[in-house]
Structures are given as C-alpha cells and as structure tokens.
> 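So that we are looking at the same thing, I have put the structure below in structure tokens.
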Amino acid sequence: MKLEEKNLIVKRPYKEVYKCDDSIVKIFSETHPKSDIFNEALLTARIEETGLDIPKVKEVTQIDGKWAIVIEYKDGKTLEEMMQSDRKNMEKYMDDFVDLQLEIHSKTSPLLKGMKDKLSRQINSLKEVDATTRYELLTRLESMPKHNKVCHGDFNPSNVIVGKNGKMTVVDWAHATQGNASADAAMTYLLFALKDQDTADMYLNMFCKKSDTARQYVQQWLPIVAAAQLTKKNAMEKDFLMKWIDVFDYQ
Ligand SMILES: Nc1ncnc2c1ncn2[C@@H]1O[C@H](COP(=O)(O)OP(=O)(O)O)[C@@H](O)[C@H]1O
Ligand SMILES: [Mg+2]
C-alpha cells in the first residue's frame, strides 16, 4: 500500500490518516501501543455487527514497520465542514446529527467494554485533580444508573461523513462503549462547548427534547466526562475541562 502526501487527511502527534484508493488508512507511530490499534479494529467490527451502516474495517496491517488500520472510504464531506460552510442550515444539520446519535443509542452490543468501568479507570488515573475531588467524582459516577446502550464516546461533527445524497455515516469508533446515552451526550456537549457555547446549547436542547431527557440529568454527567476527557487532552483544553469539573458543588 502506497501512502501519498497529497492524500493526507489528518496528521496528529501519534498518527496520520490517508485516503488510498477506496480506503482510509490510519497509520500509527511506532511507539503507539499495538493493542490500541487492534482494539480500534475490533470495536469497529463490533459496531458493524450491531447493524449500523458504518464504513467497514478491512484489515490491520503494517506499512514501513508501522501498524495501520484500513477502513472503507466513504465519499463526502464531514458534517463539521458542512456546518461551517452552510451556517444558515445549522438547525437542520443539528437535527440530523442528534437523530444519528439516537440511532446509535438504540443499539446494544453486549461484548463492548462498560462505560462506567472505563470512566472510573480514567478518573482513578487522573493526576490533575486531588484525591478528594477524585473521590467525589467516583461517588457521583457510582450513583448514576447503569445502562447498556451503544455509545460512540467521541460523537462530534468531524466524525460524521455526509454523502452526496445526504446520507450520513459515523466513523472513528476507537472510544465506543456500552453505557448511558446521557453521558455520551454530555461528552458531545463538551466537545461543542470547547469551540462555541451557543452551538453546544443548541445541541443539548435538541438532544434533551428528542430523547425526552432532563437537562439536569445530562449536566450531572458533565464533571465526570470532563474528568475522563482530561486524561487524554492537550494542555490547551485543560483549563476549560478543569472548570467543568469545578462547576459543581459536591456537598
Ligand atoms: N471511512 C472514512 N471515509 C471517509 N473519510 C474518513 C473515514 N474515516 C475517517 N475519515 C476522515 O478522516 C478524519 C480522521 O479520521 P478519524 O477516524 O476521525 O480519526 P481521528 O481519531 O484522528 O479523529 C475524519 O474526520 C474524516 O474526515
Ligand atoms: Mg475523528
């Protein structure tokens, strides 16, 4: 497989994403754990098996000594690009975006990792907050109900591809778990809020309305998912996430 610079889509510190013929190739740095790469491929396969129509994983392979995942290429633009270039239709895009997330939440996949276990591991590993705050976060997490809905874990418009016919498909399943739809929505809200608070509010209103969920319930998850997000985010976003952890009065 020959990866060409002109076909580079995304470059991150530990990986690059290329288009190559009718595939997408996600190629990882040598230092990236091999298990993460196989895990992302496995997660994608599990999601395919739920019946969701997503780009299929084709292979895990090595290119120039680096591990890579090969996935079907879907022609189109990301919903992020569409939202940016066609702002007057923002509400319509948001409507479709929430419907798509609810379709994911309508699925189950019993072998996926549990969301509460994952969140609790992430919070326990957090160096940025003191033991008292970690304890409060874990206590809150424990008190939340346990659900088993398929959750994307990083559901944001850059992970939605809109085809020419308008059909949407969801990519990037590396963070998928089974758990609470409202926690998944809290994560999406934070991802929007990192960029623009108004869009984040539009999203949350629409999610709560369509799923008949109380805003306060999604908001209860915010400090928990902000803390979890802190385990993987760059320094620039740290202050923002710390604010969400501190917003709530843990009395
Ligand atoms: N199957 C696909 N078909 C078309 N484009 C894709 C596909 N998968 C990813 N992309 C594009 O590559 C970008 C990065 O891929 P993604 O899997 O989201 O990686 P990351 O973890 O870096 O966000 C996406 O935002 C999208 O633009
Ligand atoms: Mg992505």
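One-based numbering, in listed order, for ligands and for the atoms of each. No hydrogens, no waters, no symmetry mates; every other heavy atom, side chains included, goes into these values.
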> Any side-chain heavy-atom pair from R121 and N124 closer than 4.5 angstrom?
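They are not in side-chain contact.
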> Using distance alone, with no hydrogens and no angle criterion, decide if N156 and S158 have a side-chain donor and acceptor under 3.5 Å apart.
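Their side chains do contain a donor-acceptor pair, which is all the 3.5 Å distance test asks for.
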> Does CG in D64 sit with more than 12 non-hydrogen atoms of other residues, nucleotides or ligands closer than 6.0 Å?
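Count not over threshold, so no.
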> Does K210 have more than 12 heavy atoms from other residues, nucleotides or ligands lying within 6.0 Å of its NZ?
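Enclosed.
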> For I245 and A227, work out which heavy atoms get closest and say how close.
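Result for this residue pair: CD1-CA, 3.6 Å.
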> Using residues 13-23 as the side-chain source, report each donor-acceptor pair under 3.5 Å to any protein atom, sequence neighbours left out, with the distance given to one decimal.
residue: E16; atom: OE1; partner: Y18; partner atom: OH; Å: 2.7
residue: E16; atom: OE2; partner: K11; partner atom: NZ; Å: 2.9
residue: K19; atom: NZ; partner: D21; partner atom: O; Å: 3.1
residue: S23; atom: OG; partner: K58; partner atom: NZ; Å: 2.8

> Please give me the protein atoms (N, O or S only) lying under 2.8 Å from the Mg ion (ligand 2), ordered by chain and number.
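N, O, S partners closer than 2.8 Å: N159 OD1, D172 OD2.
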> Answer yes when K92 and D86 have at least one side-chain N-carboxylate O distance shorter than 4.0 Å, and no when they do not.
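No, this pair does not count.
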> List below, pair by pair, the N or O atoms of ligand 1 and of the protein that are less than 3.5 Å apart, including the distance to 0.1 Å; reply 'none' if no pair qualifies.
residue: ligand 1; atom: 1 (N); partner: E72; partner atom: O; Å: 2.8
residue: ligand 1; atom: 3 (N); partner: K74; partner atom: N; Å: 2.9
residue: ligand 1; atom: 17 (O); partner: K26; partner atom: NZ; Å: 2.7
residue: ligand 1; atom: 18 (O); partner: N159; partner atom: OD1; Å: 2.8
residue: ligand 1; atom: 18 (O); partner: D172; partner atom: OD2; Å: 2.9
residue: ligand 1; atom: 19 (O); partner: K26; partner atom: NZ; Å: 3.4
residue: ligand 1; atom: 21 (O); partner: K15; partner atom: NZ; Å: 2.6
residue: ligand 1; atom: 21 (O); partner: D172; partner atom: OD1; Å: 3.3
residue: ligand 1; atom: 21 (O); partner: D172; partner atom: OD2; Å: 3.0
residue: ligand 1; atom: 22 (O); partner: R12; partner atom: NE; Å: 2.4
residue: ligand 1; atom: 22 (O); partner: R12; partner atom: NH2; Å: 3.0
residue: ligand 1; atom: 22 (O); partner: K15; partner atom: NZ; Å: 3.1
residue: ligand 1; atom: 23 (O); partner: R12; partner atom: NH2; Å: 3.0
residue: ligand 1; atom: 23 (O); partner: D172; partner atom: OD2; Å: 2.9
residue: ligand 1; atom: 25 (O); partner: S158; partner atom: O; Å: 2.7

> Just say parallel, tilted or perpendicular for the rings of Y203 and F97, cut-offs at 30° and 60°.
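Answer is perpendicular, since the angle exceeds 60°.
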> Output all residues satisfying ring-ring contact (aromatic ring centres under 6.0 Å, His included) with F28, sequence neighbours left out; order by chain, then residue number.
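By the ring-ring contact (aromatic ring centres under 6.0 Å, His included) rule, F28 matches H32.
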